[in-house]
Amino acid sequence: MMDLGIDSRTETGASINVGAIQTDLLRSARFRVEREAHWRQLDDLVTRAEKGGAATLGYDDVRNLASGYRQAMNSLSVARDISLDRALIAYLESLCARAYLVVYAPQESLGGLITRLLVQGIPQAARRSALPLFIGFLALILGAAAGYRLFTHDPSWFYTFVPPDMADQRTPAASADYLRSTIYGDERHESDRLAAFSAFLFSHNTTIVVFIFALGVFMSVPSFILTFYNGLMLGAFFAMFSRKGLGYDIFAWLSIHGVTELAAIAIACAGGARLGLAILVPGVRTRREALRHQAHDAVKLAILAALMLVVAAFIEGVLRQTIQDPIWRLGIGWGMGVFWVSWLLFSGRESKISRGPKR
């Protein structure tokens with residue numbers, strides 16, 4: 001009798017469990033049938049938006065997407081409250097997460113982000129960086145003036161400022177004819193050497209720009225010193241050619257690529273100066289908050305400097321080597337300078353809408 005009683009209770013408990021499971025399955029099936037059409041419609045809209053972007057959806061599709069997302073979120077809440085089967089809850093969680101990204105995440109392509117950065121982000125950051133840009137260009141100009149003056153008094157300063165790899169046998173001991181040949185060389189015989197030299201200069205300038213920007217966080221002093229040092233090299237280099245009666249020629253030779261290249265170095269210094277000023281003069285913010293705030297524009301200035309170095313490398317490696325006329329070199333170099341200034345000054349400005357007089 002005892003064994004029969006145990007068996008009967010076991011069978012009764014098993015039947016209760018089976019009945020509860022069947023009830024849950026029926027409730028989940030009924031819940032799914034009542035709402036599955038809306039879920040499928042939302043799934044189709046989300047899939048279309050994921051493949052082609054939200055711009056491919058029409059007005060009615062966007063309205064159905066928003067309402068379907070709200071219904072799916074409500075269904076997920078109910079499914080969790082009444083403890084429906086896990087597969088259904090997992091499906092709703094995935095669907096709601098995908099729909100959330102389509103509804104609320106910024107819908108902008110990579111091309112759109114790059115366009116917005118070039119049209120608005122970089123020019124606006126440059127206009128907000130008047131003081132750092134002044135510091136960067138001031139360091140370069142002061143260095144060039146100091147290098148020119150020191151070389152004029154003692155040409156041996158050239159060996160102190162200019163590395164041997166960069167001098168490339170263009171030293172104060174070289175003759176005027178040799179120095180002229182480096183400005184107006186025969187490209188058929190020197191193309192390989194000049195290409196290698198251009199690659200060296202691009203690598204050198206890129207390294208300098210990275211160091212100038214990164215070291216700006218140390219209160220801007222290292223960035224200023226590195227930019228000043230580049231000015232020293234420029235001044236000594238220019239003074240050496242001027243001493244041989246080639247001032248106009250070297251000015252044109254430097255202008256075609258140097259306007260863009262040297263401006264990139266000064267702009268990198270400005271980006272570092274923004275980081276340094278955040279440490280020196282944080283204002284009402286803490287230094288960490290000020291550094292985070294200034295980093296937005298500082299990074300955009302660094303991107304601008306990198307972009308200008310790429311353009312300068314093309315000019316230096318192709319145009320400077322093929323264009324021998326100094327007038328054309330001056331026109332291209334300073335024409336690029338006008339382009340950079342115009343872009344940074346006028347691009348991304350909000351149009352002013354004329355309004356009537358206030359009552």
Side-chain angles (χ1 to χ4, degrees), residues 7-125 128 285 288-289 292-293 295-297 299-300 303 347-355:
D7 292 340
S8 62
R9 286 195 299 269
T10 303
E11 292 176 358
T12 302
S15 62
I16 292 174
N17 292 334
V18 171
I21 294 173
Q22 291 177 347
T23 301
D24 291 340
L25 292 176
L26 290 174
R27 185 167 52 182
S28 297
R30 190 182 306 112
F31 185 83
R32 180 189 293 271
V33 168
E34 292 175 354
R35 297 168 173 82
E36 190 170 11
H38 297 289
W39 301 342
R40 290 186 180 277
Q41 182 186 34
L42 177 62
D43 199 343
D44 293 338
L45 293 173
V46 171
T47 303
R48 286 171 53 190
E50 288 173 343
K51 292 181 177 180
T56 60
L57 303 179
Y59 174 78
D60 293 335
D61 294 332
V62 173
R63 184 178 57 185
N64 293 333
L65 175 66
S67 62
Y69 170 68
R70 290 193 298 268
Q71 292 177 6
M73 288 296 296
N74 182 56
S75 299
L76 176 61
S77 177
V78 173
R80 286 171 173 172
D81 288 341
I82 63 178
S83 301
L84 295 182
D85 63 279
R86 294 181 179 179
L88 177 61
I89 294 177
Y91 168 75
L92 288 175
E93 287 177 345
S94 175
L95 179 61
C96 291
R98 292 168 56 209
Y100 174 84
L101 293 177
V102 173
V103 173
Y104 293 105
Q107 299 295 323
E108 192 169 6
S109 62
L110 179 60
L113 289 173
I114 294 176
T115 301
R116 183 158 56 87
L117 178 66
L118 295 178
V119 174
Q120 296 180 351
I122 291 178
Q124 292 174 357
R128 289 191 294 264
R285 298 183 175 91
R288 178 178 296 181
E289 293 175 349
R292 187 183 301 113
H293 176 72
H296 294 290
D297 285 347
V299 169
K300 292 173 184 176
I303 295 174
S347 182
R349 291 187 180 273
E350 297 180 358
S351 59
K352 296 181 179 180
I353 302 176
S354 59
R355 298 181 179 179

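- Looking only at side-chain heavy atoms (C-beta outward), Gln71 and Leu42 stay at 4.5 Å or farther from each other.
- To the nearest 0.5 angstrom, Leu45 atom CG is 11.0 Å from Glu50 atom CD.
- Heavy atoms only, all atoms of each residue included: Lys300 and Ile122 are closest at O-CG1, 4.0 Å.
- Using a 4.5 Å cut-off on side-chain heavy atoms (C-beta onward), Leu76 and Arg80 make contact.
- Rounding to the nearest 0.5 Å places CZ of Arg63 at 9.5 Å from CG of Asp61.
- Considering all non-hydrogen atoms of both residues, Leu65 and Val46 come closest at CD1-CG2, 3.9 Å.
- Across all their heavy atoms, Ile89 and Ala79 have their closest contact at CD1-O, 3.8 Å.
- Without hydrogens or angle criteria, Ser67 side chain to Asn64 main chain gives a donor-acceptor distance under 3.5 Å.
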Trace of the salt bridge (Lys or Arg N to Asp or Glu O under 4.0 Å) decision for Arg40 with Asp43: CA-CA 5 Å; Arg40 290 186 180 277; Asp43 199 343; over 6 Å; no
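- Inter-residue side-chain proximity for Trp39 and Leu92 is flagged as met; some heavy-atom pair is nearer than 4.5 Å.
- Closest of all the heavy-atom pairs between Ser347 and Pro123 is O-CB, 3.4 Å.
- Shortest non-hydrogen contact noted between Ser75 and Arg35 is OG-CD, 3.3 Å.
- The two atoms that bring Tyr69 and Ala99 nearest to each other are CD1-CB, 3.5 Å, heavy atoms only.
- Residues Arg98 and Thr47 meet the side-chain proximity criterion, which asks for heavy atoms closer than 4.5 Å.
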